[in-house]
Number of protein chains: 2
Amino acid sequence: MSLTARERILTAADELFYGDGIATTGVDAVVDRAGVALGSVYNNFGGKDGLVEAYLRRRDHLWRALWERVAADAATPRERVLSVFDALLEWCRDQAADQGCAQVAGLLQLPAGHPAVAVARTHKEHLMRRLTELAAGLTGVREVAEDVAILYEGVLVRMLLGSPPEEAIPRARKMAETVIAARSGTSAP
Amino acid sequence: MSLTARERILTAADELFYGDGIATTGVDAVVDRAGVALGSVYNNFGGKDGLVEAYLRRRDHLWRALWERVAADAATPRERVLSVFDALLEWCRDQAADQGCAQVAGLLQLPAGHPAVAVARTHKEHLMRRLTELAAGLTGVREVAEDVAILYEGVLVRMLLGSPPEEAIPRARKMAETVIAARSGTSAP
DNA sequence: CACCAAGTAGAACCGTGGTTCTAGTCCTAC
DNA sequence: GTAGGACTAGAACCACGGTTCTACTTGGTG
């Protein structure tokens, strides 16, 4: 066997959970696509809840790594905050992103007490913290982070609604530039 | 009886579907909260699918009406596009909006063929069309509409993630102002 | 070799939740 | 008054999906 059952399950779950929704896709569908025994899901993840949590946690890790890698190329604070849009664009070149943010989707379709909602919340808290850190040096650090967060979430929803990434993401990035410039007093008193 | 069963069901469904999620809340829960017989749901809506569709359709109507009413008070094209943020803020004064946009939530948790997803898609298409109409007269009508849409969706997600409406909505509105001003070449007052 | 962990195949269980049906009540309109 | 439509109460049905269990195979390791 080339890949371990756990990884096969995780990739299958990612495709199905993200593409068709979490509640909509049953464990059987994941098992079928992964070409794996039903028991392997329960051996590795303890149940569907555990699988969903692992699904969001994996995406969380991937995104954090991507953010870090892309931000490392940025020289100025301004470019650093803006790099989240570059990261998003890079993600879209490889993966499907036509369902928006998986973490937000998880928050919306999972019941309040579900173990995976904590993962999603933490993911977004991390994004805010990271944006604040990246913006260090700009005027109005906290404000810039909040602004960029709105634009970031907004463009993801617009992509869910059919906007092409190559158009929407640069648009959001440009808005962020404009807003940052206006805040730092570059063009306005 | 003060209210008809259909209306009781719709208000109960609205609270539960929006607050707890659509897939999560069963027909029984709606029936219990509405204080209504189970059969009334099937008499009036034909089933859960019909109820979900009616739920989104009702919200669609409410939002369209609110947008129109608030936009009517605006004098300039610039104020007209920005009025969607005023409408959103007004909505938040009366209703809970801590779960973001119900239409987006519907898109994310309903299967592809569900009758309600068409309602949600139409709702968002209408928003885009309306934004374009409201922006008529500004430089870059289509671009302004796209920009405002991103900000609008973004602030709704940020509210879902815990941002207080009284803070996030004016922030998004301010960004829209800045972006519009930058696009039309005039510096902000 | 023997062992053990990981994986497989398939059946079976069972709670949840959407749906249907029946019998009866209440109000309205003709 | 009576016929009809809306609504109620509650039982019953039924399918789907998450979960468990057993028996078997496989591959690596001491």
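A, B, ... follow the sequence lines: proteins, then strands. Residue 1 opens every chain. Only this structure's heavy atoms are used, side chains among them; waters, hydrogens and symmetry mates stay out.
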In sequence, state the C-alpha distance, the side-chain angles, and the governing distance for B/H61 and B/W67, and then conclude on ring pair (Phe, Tyr, Trp, His ring centres under 6.0 Å).
-> CA-CA 10 Å; B/H61 291 335; B/W67 287 335; over 10 Å; no
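Put simply, CG on A/D49 is 16 Å from P on D/dG17, counting in whole angstrom units. The CG atom of B/L38 sits 11 Å away from the C1' atom of D/dT8 (whole-angstrom rounding). B/Y42 has its OH atom 19 Å from the P atom of D/dA6, to the nearest Å. Spacing between atom CG of B/D28 and atom C1' of C/dG18 amounts to 8 Å, rounded to whole angstrom units. Rounded to whole Å, atom P of C/dG18 lies 13 Å from atom CG of B/L110. Look at CZ on A/R6: it is 10 Å from P on C/dG7, rounded to the nearest Å. As rounded to whole Å, 19 Å separates atom P of D/dA15 from atom NZ of B/K48. For the pair A/N43 CG and C/dT8 P, the computed distance is 10 Å after rounding to whole Å.
Between D/dA6 and B/S40, no contact under 4.0 Å exists linking OP1 or OP2 to a side-chain N or O. In this model, the phosphate group of C/dA6 is not approached by any side-chain N or O of A/T4 to a distance below 4.0 Å at OP1 or OP2. Contact between the side-chain N/O atoms of A/N44 and the OP1/OP2 oxygens of C/dG7 is found at a separation under 4.0 Å.
The pair A/E125-A/R121 fails the salt-bridge criterion, with no side-chain N (NZ, NE, NH1 or NH2) lying under 4.0 Å from an Asp/Glu carboxylate O.
Nearer to the 5' terminus of DNA chain D, by closest-nucleotide assignment, is the contact made by A/V27 (compared with the other of A/V27 and A/G39). Between A/V36 and B/T25, it is A/V36 whose nearest contact on DNA chain C lies nearer the 5' terminus.
Ring planes of B/W91 and B/W63: parallel class, angle under 30° (limits at 30 and 60°).
Around the NZ atom of B/K174, the shell of radius 6.0 Å holds no more than 12 heavy atoms that belong to other residues, nucleotides or ligands.
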